[in-house]
Protein chains: 2
Amino acid sequence: MTTRSSTDAARVIPEATVARLPVYLRALTALADSGIRTCSSEDLATAAGVNSAKLRKDLSYLGSYGTRGVGYDVDYLRYQIAREIGVTQDWPVVIVGIGNLGHALANYSGFRSRGFRIVALLDADPDLVGRSVAGVVVRPFDDLEEIVREHDVAIGVIATPALAAQDVADRMVAIGITSILNFAPAVVAVPDGVDVRKVDLSIELQILAYHEQRKANGAVEPAAGAGEGGAA
Amino acid sequence: MTTRSSTDAARVIPEATVARLPVYLRALTALADSGIRTCSSEDLATAAGVNSAKLRKDLSYLGSYGTRGVGYDVDYLRYQIAREIGVTQDWPVVIVGIGNLGHALANYSGFRSRGFRIVALLDADPDLVGRSVAGVVVRPFDDLEEIVREHDVAIGVIATPALAAQDVADRMVAIGITSILNFAPAVVAVPDGVDVRKVDLSIELQILAYHEQRKANGAVEPAAGAGEGGAA
DNA sequence: TCCATTTTGTTCCCACGTTCACAAACTCCT
DNA sequence: AGGAGTTTGTGAACGTGGGAACAAAATGGA
Ligand SMILES: NC(=O)c1ccc[n+]([C@@H]2O[C@H](COP(=O)([O-])OP(=O)(O)OC[C@H]3O[C@@H](n4cnc5c(N)ncnc54)[C@H](O)[C@@H]3O)[C@@H](O)[C@H]2O)c1
Ligand SMILES: NC(=O)c1ccc[n+]([C@@H]2O[C@H](COP(=O)([O-])OP(=O)(O)OC[C@H]3O[C@@H](n4cnc5c(N)ncnc54)[C@H](O)[C@@H]3O)[C@@H](O)[C@H]2O)c1
């Protein structure tokens, strides 16, 4: 018999749904902040910018948290989604590469409020090490292992130049990090069991440019495309 | 007869393919930089981090630019992809909201080298206006219309707080911007014909957290998921 | 109690995307 | 010239995701 935790009903949540859950969470938080205690799937779908049928199907993968004829309790659903995503507790995160982008990330308050805590800023540049950024002292990259072990870090952010990205990723993986968010415009290869997601500004702009060019050529675009993160 | 440009063979490139073309472009540039003049679909697929069959199918939507038994000419294919995406000339871009993130974006050199040119930095904060960021003087948000008309800007970047995002988007659309890259964690609604892509760091981290939680619970993940931008 | 109304959860079907597998097309060697 | 070897381009099978539509379940009023 394999070890099973609590009410594990062999639930498999489609990747596309997983990518939307954070959007629903954000929309629910906004609704709660404006004092709304109950909402229909239509209301929430509008706030999240999706089709209501899709929203209901997405939520149905988590369980039956609504009431027919009534709708969803905002706080309750919010908690259920947060629990499903795993952001009811904070995740420790390290950021490697404290240049232009690393500084912005370090100063970003949205981290903390959404379930993440920056436990360390790392850089290879000796001139940067020791300086304080957003109230956190930058430490040498070689401290990575010590920090990861001390705080039990599972998630690492790469904000170094593209050439260093694979090296940094290799070091992260070797030390036990199993989730990487990569901002460098480079493909990083990792072993099975490690997740990598990339954020690439230039790619996003190029996708927009492609559609822009088509518009200029008089082509009729079928629908407006919104950016989103999928999986490969 | 409808107006058709040059060799327009009613080509419709799937959205998923469009999202990967910039990755191929980057990989080809890297190959060219290391002096490689010809490559097989296998080589390029490895460099781009995708399956070779998928790569070949993607390229086949553009045309037949390879030679059977030989492979692809790196420079030639690179130009064809750049042309298809529309980055053989530079696209003028405006950035609105020059805070932490806006500063980083303004200082990002990768823009220029990938077909984009920042023509203006805009902010609503009078204290910021007039100051120079990355060699460009920050201008008041109200100058948006003038700038867009002068430079024929089609692409706008939103890096303001979430609360301001919809307002900024509305102004952009009213003035004629038809592609928006939104960094604010907010759903922005736009009319048909306008494309919006979003980049949301917190969502990416939350997706990683979800999978991380599953790993911790002993669930067997089917495969490592890499981040990518799809369309809605 | 019963019926009208509301809204969820789910089923069914279609479109899109991915991968396999192979014929077609090219090179190179004998 | 011909055959062996290589690699592209694509047809077909499969899987995932999206959306319409509807039965099931709740509320509230008569
Ligand atoms: N600045 C942006 O707005 C932006 C936007 C999109 C993507 N990016 C990408 O993000 C990455 C960072 O961009 P940036 O503008 O902050 O660059 P940057 O050059 O300002 O900063 C890079 C930092 O990484 C450090 N570094 C280099 N090698 C390292 C290593 N091996 N280990 C640890 N640290 C190392 C450097 O010391 C430097 O502080 C780049 O890959 C860039 O292409 C940046
Ligand atoms: N800093 C990050 O690393 C980071 C990461 C992910 C997402 N974001 C998001 O990006 C956005 C910007 O983040 P930030 O850290 O740079 O915030 P910030 O507060 O440092 O900067 C926001 C800037 O926008 C300007 N602004 C506000 N309202 C405006 C308006 N109506 N018109 C024009 N300008 C206006 C402000 O004056 C300020 O300069 C936020 O929505 C944030 O959630 C930031």
Side-chain angles (χ1 to χ4, degrees), chain A residues 9 11-21 23-24 28 36-74 76-77 80-81 207 221-226 228-232, chain B residues 9 11-21 23-24 28 36-74 76-77 80-81 207 221-226 228-232:
Chain A
R11 284 179 300 176
V12 175
I13 301 185
E15 197 53 36
T17 297
V18 171
R20 282 187 295 268
L21 291 180
V23 180
Y24 302 154
L28 284 166
I36 294 169
R37 309 193 66 83
T38 297
C39 69
S40 68
S41 64
E42 202 68 50
D43 298 336
L44 184 53
T46 303
V50 300
N51 179 301
S52 71
K54 181 152 58 176
L55 171 78
R56 287 198 299 277
K57 187 181 263 191
D58 283 342
L59 295 183
S60 77
Y61 291 116
L62 312 192
S64 262
Y65 297 134
T67 307
R68 295 175 192 220
V70 178
Y72 301 92
D73 180 285
V74 172
Y76 181 60
L77 182 59
Q80 293 299 339
I81 293 179
I207 295 171
E221 295 280 323
E228 177 268 322
Chain B
R11 283 178 301 175
V12 174
I13 300 185
E15 197 54 36
T17 297
V18 171
R20 281 187 296 267
L21 291 180
V23 180
Y24 303 154
L28 285 166
I36 295 170
R37 308 194 68 81
T38 297
C39 70
S40 69
S41 64
E42 201 68 50
D43 298 337
L44 184 52
T46 302
V50 302
N51 180 301
S52 71
K54 181 152 57 176
L55 171 78
R56 287 199 300 278
K57 177 150 278 191
D58 283 342
L59 295 184
S60 77
Y61 291 116
L62 312 192
S64 259
Y65 296 133
T67 308
R68 295 174 192 222
V70 178
Y72 301 91
D73 180 283
V74 172
Y76 180 60
L77 182 58
Q80 292 299 339
I81 293 178
I207 295 170
E221 295 280 322
E228 177 269 321

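Basis for what follows: all heavy atoms, side chains included, without hydrogens, waters or symmetry-related copies.
The side-chain hydrogen bond (donor to acceptor under 3.5 Å, both in side chains) search around B/S40 returns B/D43, not counting sequence neighbours. Residues that satisfy the side chain to side chain contact (heavy atoms under 4.5 Å, CB included) test with B/S52, not counting sequence neighbours, are B/S41, B/E42, B/A45, B/R56. Legend: residues meeting side chain to side chain contact (heavy atoms under 4.5 Å, CB included) with B/Y76, ordered by chain and number and at least two apart, are B/Y65, B/D73, B/Q80. A/T17 is linked by a side-chain hydrogen bond (donor to acceptor under 3.5 Å, both in side chains) to A/D58, counting only residues two or more places apart in sequence or in another chain.
Atom OH of A/Y61 is separated from atom P of D/dT16 by 11 Å (rounded to the nearest Å). For the pair A/E15 CD and C/dG17 C1', the computed distance is 15 Å after rounding to whole Å. Between A/I13 atom CD1 and D/dG17 atom P there is a gap of 12 Å when expressed in whole angstrom units. Atom-to-atom, NZ of A/K57 to C1' of C/dC13 comes out at 10 Å; the value is rounded to the nearest Å. Distance, B/D58 CG to C/dT19 P: 10 Å, rounded to whole Å. Atoms CG (A/L44) and P (C/dT7) sit 14 Å apart, rounded to a whole Å.
Which of C/dT19, D/dA20, C/dG17 sits closest to the side chain of B/P14 comes down to C/dG17. Nearest to the side chain of B/A16, among D/dG18, C/dA21, C/dG17, sits C/dG17.
Between B/I81 and B/L59, the shortest heavy-atom contact is CD1-CD2, 4.0 Å. For B/I207 against A/A19, the heavy-atom pair with the smallest separation is CD1-CA, 3.7 Å. Minimum interatomic distance between A/V74 and A/L28 (heavy atoms only, all atoms of both residues): CG1-O, 3.5 Å.
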For nucleotides 6-8 of chain D, print each protein N/O atom paired with a nucleotide N/O atom at under 3.5 Å, atom names and distance only.
residue: D/dT7; atom: O4'; partner: B/G69; partner atom: N; Å: 3.1
residue: D/dT7; atom: O2; partner: B/G69; partner atom: N; Å: 3.4
residue: D/dT8; atom: OP1; partner: B/S41; partner atom: N; Å: 2.5
residue: D/dT8; atom: OP2; partner: B/S41; partner atom: OG; Å: 2.6
residue: D/dT8; atom: O2; partner: B/R68; partner atom: NH1; Å: 3.3

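Between A/K54 and D/dG19 there is a side-chain N or O to OP1 or OP2 distance below 4.0 Å. For the OP1/OP2 pair of C/dG17 and a distance below 4.0 Å, the side-chain nitrogens and oxygens of B/N51 include no atom meeting the criterion.
Between A/A53 and B/L59, the residue anchored nearer the 5' end of DNA chain D, judged by the nucleotide with its closest heavy atom, is B/L59.
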